[in-house]
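Data first, discussion second: the structure below is written as structure tokens.
Just so you know, these numbers use all the heavy atoms, side chains as well, and skip hydrogens, waters and symmetry mates. Everything numeric in this text was worked out from a predicted model, so none of it was measured.
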Amino acid sequence: MRPRLVFGIAGIIVFTSLVMYNFSQSISSYVDFEQATGMEGNRIHVIGTWDNSQPAGFSTETMTFSFFMTDEAGNTRRVTYPRPKPNNFEQADQIVVIGEMRGDTFVSRDMLVKCPSKYNDAVNPELSELQ
Amino acid sequence: MIGILGQAALSLAFVSAILATWFYYRAAQKGGQKNESIANALFFLKGAFTFFASGLLVYLIFTHQFQYYYVYNYTSSDLQNVYLWAAFYSGQEGSLLLWVLSSFLVGLAIIRWTTPDYRAPVMVFMGMTQVFLLSMVSGFPIPGWGDLGASPFRTLASEMPNSPVFQANPDFVPAEGSGLNDLLRSPWIIIHPPVIFLGFAMMTVPYAFALASLWKRRYHEWIHPALPWTLGANLCLLTAIFLGGYWAYVTLSFGGYWAWDPVENASLVPWIFGMAGIHAMLIQKKHASSHKASIIFAILAYVTIVYQTFLTRSGILGDSSVHSFVDLGLYNHLLLFILVVGGVGFGLLAYRYRELPEPKKESPILSREFMMFSGAMVLFLAGLVIILGTSSPILGRLFVDNPTPPDQQFYNNWTLPFGVLIGIMTVVTQVLWWKRHNAESLASVLIAPTLIASAITLTAVVWVDMRNIWWMVYLFAAVFAVAGNGHVMYQIIRKNPRRAGGTLTHIGFAVLMIGFLGSGFDRPMVDQRTRDYNRAVAAGQVLDDDGFRVNQPIEFVELEKGTPKLIDGRYMVTYLSGVITEHNRPGEQEYEILFEDVQSGRSFVMRPTVYPMLSNSSPGAVEWTVDPDVRTGWFSDIFMYVAGSALVDREIERMNRENPGQFQTIDQLGPQMADHDPEETLVRVRRGGTVQIGEYTVTFDNFVYVDEAELPENSIIGVKADLLLVHRESGESIQIQPMYILASDDEAQYAFNPPVSFALPGAQRDLNYDSQHEASTISPSYTPGNDTSTDSPSDAPRYGAPGYGKSAYADGTESREEALTGSVRFREVHPDSDEIELAFRGVEGEPEREWILLAAEHKPLISVVWLGTFLLMFGFSVSIMYRWADQKKREAQQKDSPDSGMSGSGKSGTEKRATGNHGPEKHEDEAKDIGQDDAEDKVGGEDLADSKGQHREKEQRPHPTELK
């Protein structure tokens, strides 16, 4: 078993190293808008919530959906997204946008909307709703 | 009351499970029928309690008892019965309960069908897992600590004791529940979750068998009964994965069937490890090697299930998945579960490691044993990569602070080479499985598939203009796998079709691989203009307002009602209609889109829907979601959905009007038609088309030619436009025919088009009309027949007869009579576009066309994916039937021959192993070597494996591990 064992173990070590390296390249970190401004690359992840006090809408002229988002550090920026408003957008607990910062606007390519799924706790029932 | 009963039942079930496991332990340790009987009885009792509790929960759901937290959270009174049933397992507690029930049924099957010697030890480990699962739903009160787990029978009051509602009235019962998530209201929910949990439950069996074998030191026989179970578990998981993928594909606007989401990986990785285990077990059957591998993979498959359950239910994945599973407080519980399951499994393994048999001789590389083992290892590594990616919130912390999940490319980059490797290996292994080869004979067998694969790959590369070399290699491997396995399958079917299961699954997998390649060629179906724009974007030529490069192509087409557009260079698409039908849900809109294939002349209508998710929407937000329509084809699908429309906008406005301030919605701005002059609204409308202006719909039916007699002198031509003005809210309408006359005198031509006044339909009953018109100065109060002026200081209108009041307002604004009329002028004719231009006065609103935004995608080879999946399932089924029957025969034989291998101590087994003989153990046999001469009579049927088997064994040459 000796030569094969050595070969097998060496193979696994090489493999694992390759995977870990590739893995570390594929993940990134959640940052806020301030940090995103200084970062390179176009797959910057920012996590936050929809700022519904500001206008949001999809324009069929430019085919982009734009809205305002507040990140976890409290910064609010305008965000654009190249598709119509995703499902569950208004009810999302959190939104993750992936893209890059351009000037004052975050141009996102992907958006993850965290839907309060079936495993979530119930929204606290409003008094008026129940009575 | 019922809740307390249910909770008690679950607690009793929990206690029974503990006791049953204990008695199974005693039975396995000391032997004795009595212990086992008691254990069985306790086990049945546990099952009875669990079924009883489940029945109570179902009863609570069907009788809409919203004082229970679970019923409130997941149901509502308008839910159809099928979904009420599905709500039973839609929540975390209920789904765990379903898992327990499935485990119980699997346990019953084990008790009934497993050889007696194995029964007790296997049930110990089965029982152990069920103790944990039950503990998570029992709500068993532990004095001084609280309740164990999260019981589905918790009341709303106990969940939210601080809510003012309950402090005021502790017996409060909500009138209505939150309802089931709209996306889950689909027939697929009836079958998808139960199959998953059945698969999880079945995967416990190989785990339990492996541990039992380690405990009892019987390292050889356990794989025989365990193999059909492992195959069954994998079949269940495969079915569940397929159902989930198909459901997502036809329901979500995502347009795909797989997203590498943690929940998806949670069933995939156990499946992969299960496959590795199956391959290891198969070698062990034939060759008495790979004992360690079989045991390790059997343990690993179940541990992975528990680990993934931990990842998805504990909330640790919180930010990184769209499936956000909030911590039910089960974090520690789940952590303990995984630690115990893993610890017991690997602990026992370590403890017995040195005793585990090792094959004396090593197999050469070109032997089936080595290839199978390598195949299992490749599967293992692939599963490892996926689990690494899924664990990124934990493992990513090694690299960055706040790790995100890996880019999807990570998974694709790794699974592609694995796919290539697996494709090629399946062929080599299959060929070697049935006949021994050396390098030359192997090569000669493989020439044919290689040639076929090369030819097809080259053709495909040229045909679809494939540039990526990895894809070419991948395609080659997949076709090679189909051709190679097909060749083997042809030989098997001729001789013994019952054994074709394995080969069939390999073919299915290869077909699946080909189908996956199709997703690299998805393209959005857009019109020529958008295509040109996208090309410019790809070339980097498009800049946005701030001067930055635009990187995103446009994937939508805007369609106007009745106007066809050519998309994808092939289909003329026309938006036919969009109506609120409320077919399946309140507010549901159905659209009809006509597709006409210009190449083949065929046409079909697609019917996507859009609906508001009212049951999901809490006050403050109405969500709209879409139901795509898919046209399945042999080689490609057309996937499409409506991403927005004027109808949706109007509905949103209507909801806002009816419940001002309640719904906060996001406008979808339709295309701007023209500058909106508050005085005069200019509108262009096609013949036969419609335009929306504010609350009205204007339809231009046709031209009406004017009689010569009616025309003034000098007229060249005169037409009237036949218009229908409809007030949407009230449904009232009026027909107007403004005139356009082209006349000439000696010098010039001029148009004569007087405005036509009309009474605005619907205005008189529209009480809100005034409030809009006059802003906040009026309280709209309608007192019929009361024409004495009021003394109130505000400018309250006085209404005389309904409709046209004659009073003027105190602030001098126009009288109601004026406000209720409008006028239209026929401004222009545009014969080239068959349109006319109209000028409206007094009709409020911006004109909008009936538009929709269509997202359509051309998706090749989707049907191939489904075909591959079905072949896989079919292959699994064939294998299961074969292995199950084989196992039955084996057991029947063992009953006959008294010194068959199930002796109490394992040592004799080990010794026999060492001599390289299979010992009394049933030799699996048969026509593996198709080419062998004496195989001819074996091939006839399985009946061979029985009574004759024993003799045959002794006659057989000592098991050949090497040849040459």
*Pick one of side chain, backbone, both or neither for B:Leu384, based on which atoms fall under 4.5 Å of a heavy atom in chain A.*
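Nothing of B:Leu384, per the 4.5 Å heavy-atom cut-off to chain A.
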
*asked:* Taking side chain as everything from C-beta outward and backbone as N, CA, C, O, which of these in B:Tyr70 sits under 4.5 Å from a heavy atom of chain A? Side chain, backbone, both or neither.
replied: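 Neither part.
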
Would you give the length of the straight line joining atom [atom1] of [X] to atom [atom2] of [Y], rounded to the nearest 0.5 angstrom?
X        : Y        : atom1 : atom2 : value
A:Ile98  : B:Thr404 : CD1   : OG1   : 7.5 Å
B:Asp407 : A:Phe23  : CG    : CZ    : 12.0 Å
A:Ser24  : B:Leu395 : OG    : CG    : 12.0 Å
A:Gln25  : B:Gln409 : CD    : CD    : 14.0 Å

*Compare all side-chain heavy atoms of A:Met20 with those of B:Phe399 and state whether any distance is below 4.5 angstrom.*
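The answer is yes, as the side chains (C-beta and beyond) meet within the 4.5 Å cut-off.
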
*Is any side-chain heavy atom of B:Phe380 closer than 4.5 Å to a side-chain heavy atom of A:Ile12?*
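The answer is no; the side chains never approach within 4.5 Å.
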
*Kindly say whether B:Val400 contributes a backbone atom to a donor-acceptor pair with the side chain of A:Ser29 at under 3.5 angstrom?*
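Side chain of A:Ser29 to backbone of B:Val400: no pair is present.
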
*Nearest non-hydrogen partners of B:Gly396 and A:Ile27, listed with the distance*: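 Scanning both residues, the minimum pair turns out to be CA-CD1, 3.7 Å.
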
*Please report the closest heavy-atom contact between B:Pro405 and A:Tyr30, naming both atoms and the distance.*
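Nearest heavy atoms, B:Pro405 then A:Tyr30: CD-OH, 3.4 Å.
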
*Check whether A:Leu18 gets within reach of chain B through its side chain, its backbone, both or neither, counting any heavy atom under 4.5 Å.*
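Both parts, backbone and side chain.
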
*Do the two ring centres, one from B:Phe418 and one from A:Phe15, sit under 6.0 Å apart?*
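Under 6.0 Å, so yes.
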
*Is the CZ atom of B:Phe373 crowded by more than 12 outside heavy atoms at less than 6.0 Å?*
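Atom CZ in B:Phe373 is not crowded, with 12 or fewer foreign heavy atoms closer than 6.0 Å.
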
